[in-house]
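Okay, so here's the structure we're looking at.
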Amino acid sequence: MWLKARIAEVLAERKRNPITRILRYEYGGQTVYYISAPCCDQYSQVYDTRGKLICQPDGGITGKGDGQCRDFEKTKANEKLVWQDPR
C-alpha cells in the first residue's frame, strides 16, 4: 500500500521537528489522508485512498497552501490519527 511506503520514507529520514503525523478525514465526499509538513514553509499534503495527491491545504510562504482545497480546514470531518513518527 502507498501509505506504508510513505511511512517507510519518513522513517528513513532524520526525525523531523515537528514530527510527521498522518491523519484520516472525510473530505469532499471521500476518505483522505493528510500528511503534516516537515517544517515551516513546506506544504502539508492531502491524498486520496489510492495515494493520488489531491491538494496541499496549508504551508508554503503564505501558510495557505496551494489553493486547491481552500475549504479543507472548514469542511474536513471525522479526524482519526493513523500514524505519527514514534521517534
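Here, residue 1 is the first one in the sequence, and each next residue gets the next number. Bear in mind the structure is a predicted one, so any value in this text is a computation, not a measurement.
To the nearest 0.5 angstrom, Gln42 atom CD is 10.5 Å from Ser36 atom OG. How far CD1 of Ile7 is from CD of Glu9: 10.5 Å, rounded to the nearest 0.5 Å. A distance of 11.5 Å separates CZ in Arg70 from SG in Cys55, rounded to the nearest 0.5 Å. Taken from NZ in Lys64 to CG in Asp66, the straight-line distance is 13.5 Å, to the nearest 0.5 Å.
Remark: the backbone N or O of Lys52 is paired with a side-chain donor or acceptor of Asp48 at under 3.5 angstrom. Trp2 places a side-chain N or O within donor-acceptor distance of the main-chain N or O of Thr49, the cut-off being under 3.5 Å. Side-chain atoms of Thr20 never come within 3.5 Å of backbone atoms of Asp85 as a donor-acceptor pair (strictly under, hydrogens ignored). Judged by distance alone, the side chain of Lys80 and the main-chain N or O of Arg24 form no donor-acceptor pair under 3.5 Å.
Taking the side chain as every heavy atom from C-beta outward, Phe72 and Tyr25 approach each other to under 4.5 Å. A 4.5 Å side-chain heavy-atom check between Leu53 and Val46 finds every atom pair outside the cut-off. Residues Ile35 and Arg6 are in side-chain contact: their nearest non-hydrogen atoms beyond the backbone lie under 4.5 Å apart. Inter-residue side-chain proximity for Tyr33 and Leu23 is flagged as unmet; no heavy-atom pair is nearer than 4.5 Å.
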* To do: With side chain to side chain donor-acceptor pair (under 3.5 Å) as the test, would you mind laying out the steps for Thr31 and Glu26 before giving the verdict?
  => CA-CA 5 Å; Thr31 299; Glu26 295 300 318; 2.9 Å; yes
* Taking it one step at a time, do Leu11 and Arg87 satisfy side chain to side chain contact (heavy atoms under 4.5 Å, CB included)? -> CA-CA 9 Å; Leu11 291 173; Arg87 298 175 288 169; 3.8 Å; yes
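Of all heavy-atom pairs spanning Ser44 and Ala37, the tightest one is OG-N, 3.1 Å. Of all heavy-atom pairs spanning Pro57 and Cys69, the tightest one is CB-SG, 3.6 Å. Considering every non-hydrogen atom in both Gln56 and Tyr43, the closest pair reads OE1-CD1, 3.3 Å.
Atom CG of Leu81 has more than 12 neighbouring heavy atoms from other residues, nucleotides or ligands inside a 6.0 Å radius. Heavy-atom contacts from other residues, nucleotides or ligands closer than 6.0 Å to CD of Glu73 number 12 or fewer.
Ring centroids of Tyr34 and Tyr47 are separated by 6.0 Å or more, keeping the two rings apart.
Each of Leu3 and Val32 belongs to its own hydrophobic cluster when Ile, Leu, Val, Met, Phe, Trp and Tyr are linked at side-chain heavy-atom distances under 4.5 angstrom.
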